[in-house]
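Below is one structure, written out as C-alpha cells, with a few remarks after it.
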Amino acid sequence: MVRVRPPPQLDLPPLTGIVIGHQREAWAATARADEFADLLQLRKPSYCRMFQASFLGLVFLTAGLLLLGFGERGDFGTHLASVLALRVAAWMCIYFIPVHCIAIANLRDLISLGEEPLCNPLAWAQDHGGYPCMFSPVAHGLCLLVYVGLTCVPVHQEHGHFGYVVIYGVGHLVIIASLQVIYSHAPSLRLKHLSYAQRAAAPTIGIATMGFFVVVTGFALLKRHLGPWFSSSMVLSLFLYENLGTIAISRFYINEFLKNAGVRDAYRGTPHALVPSSVIALLCFMADGARITMLITSAAIHPDDDGHFVALGLTFVVRTLSRTGCFDALLVVRTSLDDLANTRLLLRLCRSQSGYPRFFALFAVGAARFALGHHVSPNHMVTQVVWLTLLETVIEDLVVSVLQRCGFVFEPSRMRRGQGHVPTMTRRRVVGEEPPRDAERSDLNEDAELFEVGFGPFPELPFWSHFSTIMISQFHTVLLIIIFGGGVHSVLGFCGSGYTGIDRGIVWWPDEVASSVCN
C-alpha cells in the first residue's frame, strides 16, 4: 500500500497554515489507516486458487475412501486388526491430516497467534517466532490417539465399534475441551490475547460447522416424514445459514476486535482481517456443500423423489436475486444492517465461486466407487441430481455475469463509497474544536466504520486460506453423505442404496467385511 508523503515545511500566512493543518491531520489519519490496514482489509477467493485447493482436497478424499474400501472389502485380510488399521489410515487421509492438522490448525493459529503459515503453502505444524506452535507434533499425536481409540475400542458384541458420528463428534468435543485447558495453562504458547482467542472459536469455525450439521440433519430427518416437496425448504434454510453466519462473524469482529483497544493493539501488524474473510468464504463453501448433500442423500434413499426439480429452481431464483443485491436492498431499507455492507458484498463475491468445490468431493466418491469395481452412481436419480446441480451452477454464474455487465446490480451507497479511498479516517475535528473526551474510543469507532464501509477493492485470499476453507467444506460434505446416504458400505457401492439404519459406519460399525454386512 502506498503511503502518503507529508507536506514540506513552508513559511505561509496564517490562513494557509490552517488549511495545511487540516491536510496534515488527514495525512496522519491515512497513515494510521495504513498502520491498521491488515486488520481492516477484507479479501475474496480467486478462481485459480479455488480450483487448485479443490483438486488437492480431491486427492486426500479419494485416497482415504479407497483405503476405506480396501479395508471393508477385506483386500488385506479379514482379520480385525487389518480392518481397523485401514479404517484409521482412511480417517487420517479424509480428516486428520488435511482438516485437523492443516486446515483447522491454520485458522486456529491465525486467531490465537496472529500468524500466517510460513513454512509451506499448506502450513504443517511449525515454530512461530521461537515459541512452540499450538499444534506441535506432540499435540497432533495426542489428538490422533483420541481418534484411534474411538475407532478401535470394542463397545458392543453385536454392533462392534463406533461409527463416524461418534468418532468425529465425541473426538472433536474431547479435543476442543483439551485445547481450552492448554490455552489456560500453557503460557509458552504466547497467545496474542487469551480471552479473545477463547471467545473466537464459536463465531468462526463453530458457527459454520455446527450450522452445517443442524441444517443438513434437520432436513434429512424432516424429509422422511414430510415428503418430497419439503426439499423447497432447503433454499430458505441455507440462505439464513449464510446470512446469519456473516452477520455473526461481522458483529463479533467489530465489537470484540476493532472496538477493543487491548485486543487490537495485541494483533497490530498481523493480517487478522483474514479471519472474517476466511469465515465468510467458509460459510459459502459449506452452504453449497450442504445443498448437494441434501439433494444426493434424498435421491439415494428415495429414488422416486422428484422434489429436487423444485429445489433447484428456487435455488436459481433466490441465489440470482441475492448475488445481484436485491436482498441487500431489502436489508438496507427494512433493517439497520447497512453498516455491514462491506461484508455482505464479500459474501456475494464468494458465492460466485463456492458452487464448484463440492463437485470435487462428489468426484472423489465416484472415483472411489469406480476403482472398487462398482457403478459411479448408486442410481439414475443421483446422477440426474448431480448433472442438474452442475448445470444450475453454471447457468446461474452466466446469468449473474450478464446482469452485472448490463448494470442490473444493486449497490448500496455505503458499498459504492467503500470502493474508493478512506472516507471515514479523514474526518477529523476542525482546528480550535475541543477534542473528544474519549479519543481512543472515537478512533476505534472510526476504524470499525472503515471496516464496515470498505477499504478499497478486495484483494485475493492466500492459498492456505483457500485450502483450509475448501477442505473443511469438502470433508463435511463427504461425511454427511456417508451418514445420511446409507453408511460407508452403501456410499462405496458394496450395498444397495436405501438403507436408513444406524449401522454401516454411521453410529455403529460392525467388525465384518462388507459382504457380511450387506447380507
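Positions are given from 1, in the same order as the sequence printed here. Since we're looking at a predicted model, the values are computed, not measured.
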Stepwise, does the side-chain contact (heavy atoms from CB on, under 4.5 Å) test hold for Leu492 with His374?
CA-CA 8 Å; Leu492 293 180; His374 306 133; 5.5 Å; no
Residue pairs involving residues 480-490 (criterion salt bridge (Lys or Arg N to Asp or Glu O under 4.0 Å); sequence neighbours excluded):
none
With distance as the sole test, does Arg358 use its side chain to make a donor-acceptor pair with the main-chain N or O of Gly355 at under 3.5 Å?
yes
Any donor-acceptor pair under 3.5 Å linking the side chain of Ser322 with the backbone of Val318?
no
Under the ring-ring contact (aromatic ring centres under 6.0 Å, His included) rule, collect the residues that match up with Tyr356, sequence neighbours excluded.
Phe51
Pair Tyr267 + Tyr196: ring centers closer than 6.0 Å:
yes
Short side-chain to backbone donor-acceptor contact, Ser468 and Trp464, under 3.5 Å
yes
Side-chain heavy-atom pair Val275, His272 within 4.5 angstrom cut-off
yes
Whether Ser354 side chain and Phe285 backbone form a donor-acceptor pair below 3.5 Å
no
Here the side-chain hydrogen bond (donor to acceptor under 3.5 Å, both in side chains) pairs for residues 469-478, sequence neighbours left out, are Tyr168-His476
Just to verify, what does Phe96 make a ring-ring contact (aromatic ring centres under 6.0 Å, His included) with, not counting sequence neighbours?
His100
CE (Met234) and OG1 (Thr315) are apart, to the nearest 0.5 Å, by 4.0 Å
Return yes if some donor-acceptor pair links the side-chain N/O of Tyr47 with the main-chain N/O of Ser352 below 3.5 Å, else return no.
yes
What is the distance from atom CG of Leu283 to atom OG1 of Thr246, rounded to the nearest 0.5 Å?
5.0 Å
d(Phe219 CZ, Leu238 CG) to nearest 0.5 Å is 9.0 Å
Taking the side chain as everything from C-beta on, heavy atoms only, tell me whether Phe252 gets closer than 4.5 Å to Arg199.
yes
When the ring planes of Phe475 and Trp91 are compared, do they come out parallel, tilted or perpendicular, using 30° and 60° as the limits?
perpendicular
Who passes salt bridge (charged side-chain N to carboxylate O under 4.0 Å, His left out) against Arg369, sequence neighbours left out?
none
Contacts of Arg319 that satisfy salt bridge (charged side-chain N to carboxylate O under 4.0 Å, His left out) - sequence neighbours left out
Asp288, Glu396
Within the side chain of Ser298, is there an N or O that forms a donor-acceptor pair under 3.5 Å with the backbone of Leu295?
no
Donor-acceptor contact below 3.5 Å, side chain His466 vs main chain Ser46:
yes
So, Arg49 side chain and Leu461 main chain: donor-acceptor pair closer than 3.5 Å or not?
yes
